[in-house]
Amino acid sequence: MNNLRSIALAAGGIVILALAAAFTLSLTLVLGAVLTAVIGIRMLALRFREARVPVRAKSGKTDMRVWNDGRGTIIDL
């Protein structure tokens, strides 16, 4: 009887270990999928963002800088 109880406890331990491993693997896959989606969305968002292009215009004696930061044109005298 002692031998059967040891076998049942060992089998139960193996089942619990297998369930924990499957749960950990599934969480890892879900986290990997979420991070991949976030990186892909960020990559696409950065692709369509317009980059600032500074322009220098000489106006008399002063050096004037003009650029568009996406929210409006900036003129630095």
Side-chain angles (χ1 to χ4, degrees):
M1 190 67 172
N2 228 355
N3 206 8
L4 288 176
R5 185 179 302 152
S6 297
I7 291 173
L9 284 175
I14 290 172
V15 167
I16 290 173
L17 185 67
L19 288 174
F23 181 70
T24 303
L25 180 65
S26 67
L27 283 181
T28 302
L29 291 176
V30 167
L31 182 64
V34 167
L35 289 177
T36 301
V38 167
I39 289 172
I41 291 169
R42 185 172 180 191
M43 182 181 66
L44 288 176
L46 289 176
R47 174 184 250 181
F48 295 120
R49 182 185 298 178
E50 294 181 14
R52 287 189 262 168
V53 180
V55 177
R56 293 191 181 267
K58 299 246 180 193
S59 172
K61 293 182 181 179
T62 62
D63 189 20
M64 183 171 61
R65 294 183 298 158
V66 180
W67 69 91
N68 188 347
D69 66 349
R71 292 179 286 175
T73 302
I74 298 172
I75 301 172
D76 187 11
L77 299 175

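Keep in mind it's a predicted model, so treat the numbers as computed, not measured.
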- Message: Taking side-chain contact (heavy atoms from CB on, under 4.5 Å) as the definition, give me every residue that meets it alongside Arg5, ordered by chain and number, with sequence neighbours left out.
- Response: Asn2, Leu9

Using distance only, find each side-chain donor-acceptor pair of residues 28-36 under 3.5 Å and give its atom names and separation, not counting sequence neighbours.
from: Thr28; atom 1: OG1; to: Thr24; atom 2: O; distance (Å): 2.8
from: Thr36; atom 1: OG1; to: Gly32; atom 2: O; distance (Å): 2.7

- Other hydrophobic cluster members with Phe23, side-chain heavy atoms of Ile/Leu/Val/Met/Phe/Trp/Tyr under 4.5 Å, chained? Leu27

